[in-house]
Amino acid sequence: MKRAVVLVLAVLLLLPLATPVMAQCPSEGHTVIMHAPAVAKTSTGELTGVVTEFVITVTPGSGHVYIETWPLAQVDMQASARLATRVAGRVLGVNMSHYDVFIQVRANTSIIGGPSAGGTMTVGIIAALRGWKVNPNVMMTGMINPDGSIGPVGGILEKAAAAHQAGVKLFLIPEGQRIQYVQETQKREIGGVIEINTETKPVDVVKYAEERWGLKVVEVKDIYEAVYYFTGHRLPKPKAPQNVQIDTSFLRNDALSDYKNTTDYYQRVMKELKESNVGYDTYMTLLAALNNAGQLLNQSKGYIDEGLYYTALSKDFQARIVIRHVDWYLQTSTPKDVEELLKNTGETIKSAEAHVENQSIRGITMLQAVAAAEQRVEDAKSNLDQAWKSYYSGDYWDAIGKAAYAYERAKTAIFWTDLGKRFAKGEPIKKDLIKATARDYIDESDLIVAYIESMYGDILGNSLTDTIEKAQQYYDDGKYSAALFTAMQARVQGEVFLDTLAITNWTVLMDKLNMVKGDAKTAIGIAEEKGITPILAIAYYEFAQSFEELAKKNQSTDDLQTAMTFYTYAKETANLFLSTPLSPVPNVPEENVTVPEVIVPTATNSPTQSSPGSATGDSDYGLIGLFAVVAFVVGLVVGRKL
C-alpha cells in the first residue's frame with residue numbers, strides 16, 4: 001500500500017515536467033504507417049497471432065525516442081525502439097542526436113511485444129528519415145541486432161497466420177527460421193485406456209504458408225534486405241572480405257609457456273602427494289583429481305599441436321584449478337590454515353583488481369582485453385565469497401576448491417590485462433562510453449529475457465534472469481565492462497534459445513551453425529580490415545571450433561549448440577567494432593546490392609500517411625559519433641575458459 005502511494009505521488013510530481021514534452025509532438029518531418037504481426041495469449045494460455053499498427057514519425061529534435069502502446073504490451077518496447085533508432089542512423093549515416101522519433105503502437109489486444117518488432121521499427125525509422133513510402137502488402141517479424149542483422153523470434157507460425165488474415169502478400173522472417181517445430185498430440189483408446197502421444201514435427205513455414213494461404217514467406221538476413229522489400233530502395237551493405245583466416249598465433253608463446261609451467265606444477269604436486277602421509281581414501285581421491293588434471297594437460301598439448309592456442313590455454317586453466325586444489329589441501333591441516341589461505345587469496349584478487357583498474361585503455365583491442373579482465377576479477381570475488389560460506393559451514397574441502405578457482409581466475413585477469421597492453425594504441429577511451437553501452441545492453445538483454453518468459457514461461461529456469469540481475473549489480477557497483485559482458489551473455493543465450501527451440505534434427509542444427517559461423521568469420525574479417533585485432537572474437541571463434549569438432553565426433557547436439565553459442569559470442573564481439581564506430585562516417589548514398597529475386601509490389605502511401613513540413617531524409621548532419629565496446633562472455637555450463 002505504501003509503495004502504491006509513493007508511486008502515485010511520484011506521478012503527480014512529474015506531471016508538470018511533462019508539459020515541455022507535449023510541445024515536442026511532431027509538427028514537421030515524415031510519418032510512415034506499418035503493420036506487423038505480434039503474439040498474444042488467449043485466456044487458456046495458448047499463443048495466437050494478432051496484427052499491430054506502428055505509426056512512426058521522425059522530426060528534427062534532440063535525440064529522444066518516444067513510444068506509446070495501446071493497450072499496454074506485455075513486454076516493454078522502449079529498449080527495442082532505442083536500438084532500432086541507433087541502427088537506422090548508422091545504416092543511413094545520419095546523426096540521430098538531431099532527431100526525435102515518435103512511435104505509436106496499436107493492437108486489439110494486449111500483445112507480447114518487445115524485440116520481435118525491432119526490425120519493423122528500424123525499417124519504419126529509415127523510411128521516415130528518407131521520406132520513402134512503405135509497401136502495405138509487406139509485413140515482417142524479427143529482432144534487430146546492433147550490427148543490423150535480423151535476429152530470431154518466437155511464434156513464427158502464429159505470426160504468419162496473422163499476416164495472412166491482414167491480407168498481405170509478402171511476409172519476411174529471420175534467416176534460418178523457415179523450419180519451425182510444433183507439438184502434435186494424438187489420443188487413442190485401447191481397451192478402455194486412453195493413450196496420449198505427443199510428437200514433435202517440423203513445419204516448413206515457406207511451403208506451409210504458400211500452400212495454405214498463398215502467402216509468400218521470405219527469409220531476410222539483415223536490415224538492408226528488409227528495407228528493399230518494404231521500399232524498393234537499396235542501401236549499400238558492408239562488403240564481406242574474402243579468404244578470412246582465423247589465427248590465434250598471437251597466443252602461441254603464451255600457450256607454450258603456460259603448458260610448460262602447468263605441467264611442472266602438476267609433476268611437483270604429484271610428487272608431494274606420493275610422499276604425503278594422508279590416508280588411503282584421501283590419497284585415492286586426490287590421485288583421481290590429479291589424473292584428471294593430467295588428462296586436461298594432454299588435451300592442451302593436442303590443441304597446441306593443432307594451433308588452437310586459446311583452447312590450449314583454457315585447458316591449462318582447468319588443469320591448474322584442480323592441481324591447486326590438491327596442492328592447497330595437502331598444505332592445510334587445521335581450520336586456521338584454511339582461513340589464512342582464503343585471506344591470502346583475497347589479497348591476490350585485490351592486487352589483480354588494482355592491476356586492471358590502473359590501466360589507461362588505449363584503443364578498441366585493449367578495451368576488450370581489459371574488459372575481459374574486469375569480468376574475471378568479479379568472477380574471482382564471487383567465488384571467494386562462496387569459499388568463505390563453505391568455510392563457515394565447516395566444508396573445508398569445498399572452501400579450498402572455490403578458493404583455488406578464485407585464485408586462478410584472478411591470475412587470468414592479469415594475463416588479459418597484459419595481453420591488451422600489447423595491442424594498446426590510439427587515444428584513451430572514456431569510461432562514460434562503456435557505461436552508456438552497458439546500460440543499453442542490460443536493457444536490451446532484459447527485453448529478450450522478458451520476451452522469452454512471456455511466450456514460453458519459465459522454460460529456462462532462472463538462469464537468464466539471474467544473469468541479468470548480476471549484470472545490473474555490476475553496473476550499480478561501477479563495473480561497467482563486467483556489466484556489459486554479462487548482459488551480452490544473457491542476450492546471446494536468449495538468441496540461441498529462440499533459434500534452436502525444439503530442434504533436435506542434426507542437419508538443421510548444422511545449417512544454423514554454419515550460418516552463424518560464417519557471420520562470425522565475416523565480422524572478424526571486417527574488423528581486421530579496419531585495423532582492429534578482435535582478440536576476443538578470434539579466441540571464441542577458435543573455442544567454438546573445438547566444440548564443433550567434439551559435436552561431429554560424438555554426434556552430440558549439446559556440443560553443437562554450445563559451438564553455436566560461442567560462434568555467436570564471436571560474432572557479437574566483433575560486430576560491435578563495426579556497428580558502433582568511434583568516429584563519424586559520411587552520409588550513406590544508395591547503391592545497387594544483390595537481394596533474393598522476389599517480386600515486390602510497388603510501395604505506395606497509405607491514406608493515413610503524411611509528409612508534413614521539411615523532409616528529414618538525405619540529411620547532411622553525418623553519422624553520430626557512437627562509441628565502440630567489445631563483449632566478452634564467460635561462464636556457461638559448457639566448460640571453463642581462460
Side-chain angles (χ1 to χ4, degrees), residues 32-38 51-54 56 58 77 80-81 83-94 101 103 114-153 156 159-160 162-163 166 168-178 205-206 209 215-238 240 495 498-499 515 519 575 578-579 588 590-604 617:
V32 299
I33 297 178
M34 305 181 69
H35 293 86
V51 175
T52 57
E53 181 181 76
F54 289 80
I56 300 173
V58 179
M77 293 185 178
S80 187
L83 177 58
T85 301
R86 293 200 304 274
V87 173
R90 179 184 62 79
V91 167
L92 292 181
V94 170
V101 177
I103 303 175
S116 67
T120 297
M121 286 191 283
T122 308
V123 171
I125 294 168
I126 289 173
L129 280 165
R130 284 295 176 95
W132 290 339
K133 301 173 182 178
V134 293
N135 193 327
N137 290 315
V138 181
M139 277 193 189
M140 179 174 74
T141 185
M143 288 193 288
I144 188 66
N145 290 325
D147 66 331
S149 61
I150 303 298
V153 295
I156 296 286
K159 292 172 181 176
V168 302
K169 305 299 182 184
L170 179 64
F171 180 44
L172 308 179
I173 64 174
E175 184 180 48
Q177 287 205 287
R178 68 178 289 171
V205 180
V206 174
L215 173 66
K216 181 177 286 294
V217 177
V218 173
E219 294 178 290
V220 289
K221 185 179 185 65
D222 51 44
I223 197 64
Y224 302 94
E225 293 180 5
V227 165
Y228 170 71
Y229 287 125
F230 272 100
T231 69
H233 293 276
R234 292 174 170 141
L235 293 173
K237 187 175 179 179
E495 286 187 18
L498 287 169
D499 203 25
M515 183 174 69
D519 290 344
N575 267 332
L578 315 178
S579 60
V588 178
E590 288 186 61
E591 69 174 29
N592 290 330
V593 295
T594 302
V595 296
E597 290 296 329
V598 174
I599 298 176
V600 182
T602 303
T604 57

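Along the sequence shown, residues are numbered consecutively beginning with 1. Note that these values count all heavy atoms, side chains included, but never hydrogens, waters or copies made by symmetry.
- Taking 4.5 Å as the limit, every side-chain heavy atom of Pro115 sits out of range of all side-chain heavy atoms of Leu83.
- Among all heavy-atom pairs drawn from Val87 and Gly148, the shortest one is CG1-CA, 4.0 Å.
- Between the Gln177 side chain and the Val153 main chain, a donor and an acceptor come within less than 3.5 Å of each other.
- Interatomic distance, Ile125 CD1 to Leu92 CG, rounded to the nearest 0.5 Å: 10.5 Å.
- Met140 CE to Ile173 CD1: the interatomic distance, rounded to the nearest 0.5 Å, is 11.5 Å.
- Residues Ile126 and Leu235 meet the side-chain proximity criterion, which asks for heavy atoms closer than 4.5 Å.
- Rounded to the nearest 0.5 angstrom, Ile144 CD1 and Asp147 CG are separated by 8.0 Å.
- Annotation: side chain of Ile150 is not in contact with side chain of Glu175 (no heavy-atom distance under 4.5 Å).
- Checked against side chain to side chain donor-acceptor pair (under 3.5 Å), Thr141 has the following partners two or more places apart in sequence or in another chain: Lys159.
- Here Asp222 contributes atom CG and Tyr228 contributes atom OH; the two are 14.0 Å apart, rounded to the nearest 0.5 Å.
- Taking CG of Leu215 as the start and NZ of Lys169 as the end, the distance is 9.5 Å to the nearest 0.5 Å.
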Practice problem: In sequence, state the C-alpha distance, the side-chain angles, and the governing distance for Val227 and Trp132, and then conclude on side-chain contact (heavy atoms from CB on, under 4.5 Å). | Solution: CA-CA 10 Å; Val227 165; Trp132 290 339; 3.9 Å; yes

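- Residues Leu498 and Pro152 come closest through the heavy atom pair CD1-O, 3.6 Å.
- Scanning both residues, Ile56 and Gly124, for their nearest heavy atoms gives CD1-CA, 3.7 Å.
- The minimum heavy-atom distance between Pro37 and Ala162, with the atom names listed, is CB-CB, 4.1 Å.
- For Val206, the side-chain contact (heavy atoms from CB on, under 4.5 Å) partners at least two apart in sequence or on another chain are Arg178, Asp204, Val217.
- Here the OG1 atom belonging to Thr231 is positioned 12.0 Å from the NZ atom belonging to Lys133, to the nearest 0.5 angstrom.
- Scanning for side chain to side chain donor-acceptor pair (under 3.5 Å) contacts around Asp519 gives Lys221, with sequence neighbours left out.
- Contact detail for Pro174 and Ile156: the closest heavy-atom pair is CD-CD1, 4.2 Å.
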Quiz item: Please walk me through it: do Ile223 and Val123 pass side-chain contact (heavy atoms from CB on, under 4.5 Å)?
Solution: CA-CA 7 Å; Ile223 197 64; Val123 171; 3.5 Å; yes

